[in-house]
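Throughout, a chain's letter reflects where its sequence line sits, starting with A, and its residues are numbered from 1. Please read all numbers here as calculations on a predicted model, not as lab measurements.
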There are 2 protein chains.
Amino acid sequence: MEQAQRRRGAELEAVLLDAAWDELMETGYTRLTMEAVAARAHTGKQVLYRRWRNRAELVVAAMRHRTGSIVGNVPDTGSLRADVLAVLQRMADRFETLGPEVVHGLLAEAPDLDPEVYTRMAGVMATIVKRAAERGEIPTADVPDRVLTAATNLLRHEMLFAGEPVAPSTLTSLVDDVFLPLVSGTRERSE
Amino acid sequence: MEQAQRRRGAELEAVLLDAAWDELMETGYTRLTMEAVAARAHTGKQVLYRRWRNRAELVVAAMRHRTGSIVGNVPDTGSLRADVLAVLQRMADRFETLGPEVVHGLLAEAPDLDPEVYTRMAGVMATIVKRAAERGEIPTADVPDRVLTAATNLLRHEMLFAGEPVAPSTLTSLVDDVFLPLVSGTRERSE
DNA sequence: ATCCGTAAGAGACGCATCGTCTCTAAGGAG
DNA sequence: CTCCTTAGAGACGATGCGTCTCTTACGGAT
């Protein structure tokens with residue numbers, strides 16, 4: 001017998017998500033088709049459509065299944081600079097495995113899904129800055145959101161537009177030329 | 001007679017690009033089809049494919065035809081803050097007429113076309129900063145590229161990710177919380 | 001242990017659109 | 001006036017979507 005037995009529940013779901021992920025890595029996002037994923041998982045399209053309404057949802061689910069929550073633990077190295085660099089490095093690594101094509105595709109077809117991550121990133125940065133202020137590294141933790149998210153947003157922008165993988169110097173430049181000056185400068189917030 | 005005479009050359013091209021633009025405004029990017037554009041221009045698809053290889057090229061051409069060069073004249077109001085705000089405002093306006101769906105779609109299907117604009121923006125900002133330094137508004141015009149492009153890149157990021165039209169307060173926040181502190185802070189560039 | 005309902009596995013279906021190909025005839029170049 | 005390019009129109013095969021249908025495995029309820 002070819003097919004020993006039918007898969008069900010969580011077991012089946014894992015197979016489907018793995019198939020989607022493999023297909024994503026091999027063919028990219030735009031050329032990923034539901035039929036190819038179904039075929040790779042040795043099942044029918046209906047099994048996919050029963051769980052996810054479209055390609056975008058399936059792919060997002062596959063990404064989550066593969067790499068887990070994106071904003072897991074907040075780095076805490078004891079140095080503000082190192083903490084921020086660690087966050088940026090993590091973003092860059094993640095982007096590296098996906099590639100620009102996948103991100104562009106997802107942004108176009110599932111624009112409502114990414115903002116979530118993008119918002120939560122502010123929380124991570126807030127924690128890092130708060131710790132740095134408590135250590136006395138910077139004058140205050142009272143930093144505008146705009147500044148908190150500046151480095152991560154600029155990195156995201158860079159990854160979306162630059163055709164090439166992110167250079168290590170980009171990360172240090174973001175921290176040293178933009179982020180640190182902004183949070184460490186003695187700034188009175190004008191009312 | 002329905003069709004008085006055949007269009008040719010530049011005349012025909014203009015009709016095609018106008019049709020593409022109208023279609024873009026009405027149905028958006030992803031739902032824009034070559035057949036619809038051809039039909040609207042009262043011609044066949046081959047006429048389109050003879051000039052542009054695909055949807056992305058056609059749409060980009062239509063945008064250029066409609067709105068001309070993107071980085072035209074550099075604002076020169078006499079105030080650094082007002083100059084930068086003017087640049088950001090112009091970006092926001094342009095984005096407003098297109099809408100996020102079009103930009104996302106283009107980014108996904110024609111990722112090589114936008115970097116051009118994105119690079120030239122640095123030149124505009126460099127000019128503005130240079131003038132401000134000559135007026136004595138800021139200590140030096142020797143500002144890293146990273147800083148020069150920070151405001152425009154952050155705005156672009158915002159437009160891509162925020163689901164909503166850009167609030168006026170976003171522009172002022174970018175200038176007052178990020179850009180001006182970066183260029184006006186007395187910074188020694190550490191070697 | 002048996003029954004039954006849910007859902008897996010498989011594929012056909014209609015639809016939309018792509019990009020190519022074909023055909024006729026218009027109209028500018030010579 | 002003739003010829004050659006190409007506009008205008010539509011047919012075509014291929015692809016993939018999302019839905020529907022059908023059979024049958026399996027696991028929970030009795």
(request) Can you tell me the distance, in whole Å, between the CD atom of A/E13 and the P atom of C/dA8? (result) 10 Å
(message) Determine whether a donor-acceptor pair (N or O, by modelled atom type, separation under 3.5 Å) exists between the side chain of B/T43 and the backbone of B/A39.
(response) no
(request) Check every strand shown and say whether A/R53 touches a base, only sugar-phosphate, or nothing at a heavy-atom separation below 4.0 Å. (result) nothing
(request) Could you list the residues that satisfy side-chain contact (heavy atoms from CB on, under 4.5 Å) with A/E13, not counting sequence neighbours? (result) A/L17, A/R51, A/W52
(request) Only one of B/D83, B/T172, B/D93, B/L171 passes side chain to side chain contact (heavy atoms under 4.5 Å, CB included) with B/L88; say which it is. (result) B/L171
(request) Report the nucleotide, chosen from D/dA7, D/dT19, C/dA8, that has the shortest atom-to-atom distance to any side-chain atom of B/R8. (result) D/dA7
(message) Nearest whole Å is fine: how far is C/dA8 C1' from A/E11 CD?
(response) 12 Å
(message) Can you confirm whether the side chains of B/S173 and B/D177 place a donor and an acceptor under 3.5 Å from each other?
(response) yes
(request) Figure out the CD/P separation between A/E57 and D/dG18, and round it to whole Å. (result) 11 Å
(request) Measure the distance from NZ on A/K45 to P on D/dG16 and round it to the nearest whole Å. (result) 10 Å
(request) Determine, for A/D18 against A/R66, whether the closest basic-nitrogen to carboxylate-oxygen distance falls under 4.0 angstrom. (result) yes
(request) Tell me whether the guanidinium CZ or amine NZ of A/R55 lies under 6.0 angstrom from the six-membered ring centre of A/Y29 and within 45° of its axis. (result) yes
(message) Given C/dA8, D/dA7, C/dA10, identify the nucleotide with an atom nearest to the side chain of A/R6.
(response) C/dA8
(message) Whole angstroms only, please: what is the CG-C1' distance between A/L58 and D/dG16?
(response) 15 Å
(request) Tell me which nucleotide among D/dA7, D/dT19, C/dA7 gets nearest to the side chain of B/L12. (result) D/dA7
(message) Any carboxylate oxygen within less than 4.0 angstrom of a Lys/Arg side-chain nitrogen, looking at B/E158 and A/R146?
(response) yes
(message) Can you tell me which nucleotide in D/dC17, D/dA7, C/dG19 comes closest to the side chain of B/V47?
(response) D/dA7
(message) Distance check needed: D/dT6 C1' versus B/R7 CZ, whole Å only.
(response) 13 Å
(request) Measure the distance from OH on A/Y49 to P on D/dC17 and round it to the nearest whole Å. (result) 5 Å
(message) In whole Å, I'd like the distance from the CZ atom of B/R51 to the C1' atom of D/dG8.
(response) 12 Å
(message) When you measure from the side-chain N and O atoms of A/T43 to the phosphate of C/dG9, is any distance below 4.0 Å, counting only OP1 and OP2?
(response) yes
(request) Scan residues 17-40 of chain A against DNA chain D and write down, sorted by residue number, each residue with any heavy atom closer than 4.0 Å; if none is found, say none. (result) A/L32, A/T33, A/M34, A/E35
(message) Among C/dA8, C/dC21, D/dC17, which nucleotide has an atom closest to any side-chain atom of B/Q46?
(response) C/dC21
